[in-house]
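See structure below.
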Amino acid sequence: MSDARAITELAKRRGFFFGSNEAYGGVAGFYTFGPEGAALKRNVEAAWRDRFTVREGNDEIEAPTIMPEPVFEASGHLDGFDDMLVECGECGESHRADHLVEDASDVEEAESLPIPEVEELVAEYEIACPSCGAALAGRSIEEFNLMFATTIGPGSGQQGYLRPETAQGIFVEFPRLKEYARNKLPFGVTQIGRAYRNEISPRKGIVRTREFTQAELEQFVDPDDDDPPLDRVADVSLRLYPADQQEDPDGEYVEATVAEAVEEGIVASEWVAYYLGVAREWYDRIGVDGDRFRFRQHLPGERAHYAADCWDAESEVSGVASADPTAGDWIEIAGFAYRGDYDLSKHAAHGDDDFTVFEQYDEPRTVERAVADPDMSVLGPEFGGRAGDVADALRALAERDPSAFEGETVTVEVDGEAVTVDTDVANFRIEERTEAGEHVTPHVVEPSFGVDRTVYTLIAHGYGHDLIDGEERTYLSLSPEVAPTDVAVFPLVSDAALEEVADDIVADLRAAGLSVAHDDSGNIGRRYRRQDEVGTPLSVTVDHESVEETPTTVTVRDRDTTAQVRVPVDELAAELEGVLESGGSFETLLAGYDRVETDVTRS
RNA sequence: GCGCCGUUGGUCCAGUGGUAGGACAGUGGCUUCCCAAGCCACUAGCCCGGGUUCAAUUCCCGGACGGCGCACCA
């Protein structure tokens with residue numbers, strides 16, 4: 001069985017994830033996380049929050065998932081997400097009608113034209129299907145927007161959309177967030193939440209869905225002054241797959257530390273490089289296999305026009321760990337983009353608020369500035385309703401070209417018409433002003449993580465087989481930090497005395513904050529296997545010795561190796577917590593307690 | 001959206017124009033056993049709609065869902 005099939009089967013059978021609404025036939029692109037999957041995902045989110053929010057000193061917000069249309073006009077999603085598809089009547093291929101028109105004619109931005117007009121252009125330029133050459137004239141063009149539309153309020157209401165990414169919720173609230181940050185750059189805002197895309201064709205199960213969870217950080221920086229704390233991750237080694245290597249048939253990975261990647265210019269942005277390092281460490285911590293992981297640079301055509309540099313984190317999910325970058329099945333699990341001031345500038349242009357930060361200079365600066373201060377008592381009577389526009393034009397001209405005010409009169413263009421006024425009336429002068437600082441539109445560095453795909457990766461990378469006493473075993477080698485259940489507790493046999501001890505241990509461990517499973521059904525081997533399959537790192541078994549000897553001891557079994565140690569119940573909770581916490585290991589138990597000699601063989 | 005293939009207990013499969021069988025899993029019991037053991041019993045299924053037929057899980061058409069390829073993935 002392929003890894004993908006085995007994982008899907010395990011996910012369904014053991015409650016990690018499965019298609020939603022199956023009782024009603026299901027809907028493509030929607031998945032429900034069952035108890036194990038929801039716990040795993042929750043733990044991944046908590047680990048992300050710990051690393052990217054808490055440890056970076058950032059702030060997390062929670063914005064609505066439904067936002068009004070103007071937000072997406074500003075962000076570009078309304079146009080950019082809108083595809084005009086025309087389907088060929090001969091071969092059935094779908095193509096972007098706007099692209100075809102742009103290629104065949106000198107029409108630009110066909111995307112912004114109304115559908116009937118594009119249909120006419122297709123006919124007028126006798127555009128043929130790029131795949132089979134059949135004429136496309138007369139075919140109807142389907143409009144498809146990847147955003148889910150909804151109506152806000154009763155009646156016709158206000159047009160709204162489910163957000164296609166969590167990021168806009170941060171950008172749009174920037175004016176308040178910068179106040180909260182007391183106008184000091186740099187600062188970072190995170191959000192973990194659902195986003196929605198009405199995918200044409202959802203595929204690959206949980207990897208590409210119509211509703212999914214993102215964990216995003218928007219790091220706002222001053223492009224001139226703010227540098228990342230690069231030294232913290234300087235020595236983290238990265239497997240990089242730069243664009244030039246991707247375009248070369250014999251392309252190879254470039255292994256470099258964060259410091260080297262910056263020095264050699266492989267990663268253009270220091271901020272991006274910093275977060276590649278942070279992410280690499282984090283992925284390692286939650287259990288992503290470094291041999292099946294890489295950072296891939298976007299190819300020039302793939303990159304959004306505003307992104308100076310963009311890298312994706314990718315994981316291999318079919319079981320192939322190869323030095324050949326073209327081998328294996330890679331999925332994108334995070335993106336790291338330097339977005340410049342694109343997002344905030346867009347919202348500044350469309351929205352009402354101030355999307356800049358005022359940065360004070362160390363010393364106030366005296367600057368000379370050419371200004372026009374038109375005499376409105378003259379302009380008013382002369383130009384009537386246009387007086388304001390004339391004054392604005394004069395002020396703009398003064399800033400742009402002070403020399404225009406050297407003559408007796410000055411001419412500006414208002415509504416395409418030349419308007420001449422006396423220079424005296426324009427009241428032009430060079431003004432000396434003291435400036436305490438300047439308004440800066442912050443640049444944005446955006447590490448954006450797909451939580452569902454990360455969960456899938458952890459299952460794929462943790463998935464393992466071995467033989468225990470000749471019997472095949474499936475186990476999930478999940479990191480203790482993200483495993484759905486911390487520890488399982490079993491009475492070795494159905495015996496009231498053993499069960500009582502086991503029940504007490506369950507209560508104690510739960511009181512200590514651990515996630516505990518209890519299972520007394522079936523023989524002990526069967527119960528170990530159940531827990532192995534859902535990735536429970538530790539199992540505690542109460543046996544006869546537990547109730548016969550003093551002090552009371554129990555065995556603790558390690559999921560991956562099946563090794564066991566005998567630990568006094570009094571010390572159990574503290575010892576288990578030690579193993580489970582970030583950086584902990586079963587090795588410490590092996591070193592501190594008697595190993596239980598069993599004749600169980602593992603191969 | 002298009003093309004090809006598929007859909008049978010929880011999971012994975014077999015099979016049939018007269019409504020089904022296995023394996024594994026699950027539940028109860030015996031066994032009291034530290035790695036899916038054994039024995040007994042039990043639970044549980046033909047994706048949906050239409051057509052052909054005396055009769056459809058089976059054949060035909062459509063749909064939904066899934067897999068793969070194409071397109072799409074801002």
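Quantities reported herein were computed from a predicted structural model and do not represent experimental measurements. Labels below follow one simple rule: chain letters A, B, ... track the order of the sequence lines, proteins then strands, and each chain is numbered from 1.
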Which part of the nucleic acid, if any, lies within reach of A:Glu165 when heavy atoms closer than 4.0 Å are counted: base, sugar-phosphate only, or nothing?
-> base
Go through the N and O atoms of the side chain of A:Thr555 and the base of B:rC34, and report whether any donor-acceptor pair is under 3.5 Å.
-> yes
Selection from B:rU32, B:rA36, B:rG66 that lies nearest to any side-chain heavy atom of A:Ala28 = B:rG66
Write down the distance separating the C1' atoms in B:rC47 and B:rU19, rounded off to the nearest Å.
-> 16 Å
Pick the C1' atom in B:rU57 and in B:rC68, then give their distance to the nearest Å.
-> 26 Å
Just checking A:Gly19: base, sugar-phosphate only, or nothing, at a heavy-atom cut-off of under 4.0 Å?
-> nothing
hbond_proxy A:Arg557 side chain to B:rC35 base (donor-acceptor, 3.5 Å cutoff) = yes
Residue A:Asn523, side-chain heavy atoms: nucleotide from B:rC34, B:rG1, B:rA37 that is nearest | B:rA37
Closest approach of A:Ala279 to A:Phe449 (non-hydrogen atoms, all atoms of both residues) = CB-CZ, 4.0 Å
Rounded C1' spacing from B:rG38 to B:rC33 in Å = 11 Å
Indicate, with a heavy-atom threshold strictly under 4.0 Å, whether A:Val27 touches base, sugar-phosphate, or nothing.
-> sugar-phosphate
Using the C1' atom in both, what is the distance from B:rG26 to B:rG15, to the nearest Å?
-> 25 Å
Could you tell me whether A:Arg5 and A:Glu9 make a salt bridge, using a distance below 4.0 angstrom between a side-chain N and a carboxylate O?
-> no
Taking all atoms of both residues into account, what is the closest heavy-atom pair of A:Asp469 and A:Asp599, and its distance?
-> OD1-O, 3.8 Å
Here the distance between atom P of B:rA37 and atom CG of A:Leu492, to the nearest Å, is 15 Å
So what does A:Thr562 touch, heavy atoms closer than 4.0 Å: a base, only the sugar-phosphate, or nothing?
-> base
Is there a donor N/O on one and an acceptor N/O on the other, under 3.5 Å, for the side chain of A:Arg208 and the base of B:rC72?
-> yes
Quick one: is A:Lys204 getting a side-chain N or O under 4.0 Å of the B:rC73 phosphate, OP1 or OP2?
-> no
B:rC33 phosphate, OP1 or OP2: any side-chain N/O from A:Arg526 under 4.0 angstrom?
-> no
What is the distance from CZ of A:Phe18 to P of B:rU7, rounded to the nearest Å?
-> 23 Å
For nucleotides B:rG18 and B:rG3, find the distance between their P atoms and express it as a whole number of Å.
-> 32 Å
Take atom CZ of A:Arg527 and atom P of B:rG26, then tell me their distance rounded to the nearest Å.
-> 12 Å
Among the nucleotides B:rC35, B:rG26, B:rC12, whichever has the atom closest to the side chain of A:Gln564 is B:rC35
Here the distance between atom C1' of B:rU27 and atom CG of A:Asp519, to the nearest Å, is 13 Å
Minimum-distance pair of heavy atoms, taken over all atoms of A:Pro447 and A:Tyr275 | CG-CG, 3.7 Å
Sticking with atom C1', work out how far B:rU52 lies from B:rC59, rounded to a whole angstrom.
-> 8 Å
Side-chain donor/acceptor of A:Asp543 to base of B:rC34, under 3.5 Å = yes
Presence of A:Arg5 side-chain N/O under 4.0 Å of B:rU11 phosphate oxygens OP1/OP2 | no
C1' atoms of B:rG49 and B:rA41, separation to the nearest Å = 40 Å
Give a yes or no on whether a donor-acceptor pair under 3.5 Å exists between the nucleobase atoms of B:rA36, that is its base, and the side chain of A:Arg529.
-> yes
Which atoms form the tightest heavy-atom contact between A:Pro537 and A:Leu580, and what is the distance?
-> CG-CD2, 3.9 Å
Secondary structure string for RNA chain B (Watson-Crick or G-U under 3.5 angstrom, | for other-strand pairs) = (((((((..((((....[..)))).(((((.......)))))....(((((..]....))))))))))))....
A:Asp520 CG - B:rG28 P separation (whole Å) = 8 Å
Does A:Ser521 put a side-chain nitrogen or oxygen below 4.0 Å from OP1 or OP2 of B:rG26?
-> no
Is the base of B:rC65 touched by the side chain of A:Glu22 through a donor-acceptor pair closer than 3.5 angstrom?
-> no
Return the value, rounded to whole Å, for the distance between atom CD of A:Glu199 and atom C1' of B:rC70.
-> 16 Å
Has the side chain of A:Arg210 got a donor or acceptor atom that lies under 3.5 Å from a matching backbone atom of A:Val27?
-> no
Can you tell me, in whole Å, how much space there is between the C1' of B:rU8 and that of B:rG22?
-> 12 Å
Candidate nucleotides B:rC33, B:rC35, B:rU11, ranked by approach to the side chain of A:Val493 - the nearest | B:rC33
base_contact_polar (B:rG69 base, A:Arg203 side chain, donor-acceptor, <3.5 Å) | yes
When rounded to whole Å, the CG to C1' distance for the pair A:Asp495 and B:rU31 reads 14 Å
A:Asp532 pairs by salt bridge (charged side-chain N to carboxylate O under 4.0 Å, His left out) with which of A:Arg473, A:Arg559, A:Arg526?
-> A:Arg473
For residues A:Pro491 and A:Arg527, report the shortest heavy-atom separation together with the two atoms involved.
-> O-NH1, 2.7 Å
Per the side-chain contact (heavy atoms from CB on, under 4.5 Å) rule, which among A:Phe72, A:Phe148, A:Tyr196 passes with A:Tyr161?
-> A:Phe72
State which residue, out of A:Lys346, A:His347, A:Arg339, fulfils the side-chain hydrogen bond (donor to acceptor under 3.5 Å, both in side chains) condition with A:Asp343.
-> A:Arg339
May I have the distance from A:Tyr528 (atom OH) to B:rC34 (atom C1'), rounded to whole angstrom?
-> 5 Å
RNA chain B: 5'-proximal contact among A:Arg13 and A:Thr474 (nearest heavy atom) | A:Arg13
Per nearest nucleotide of RNA chain B, the residue lying toward the 5' end, A:Phe212 or A:Asp469, is A:Asp469
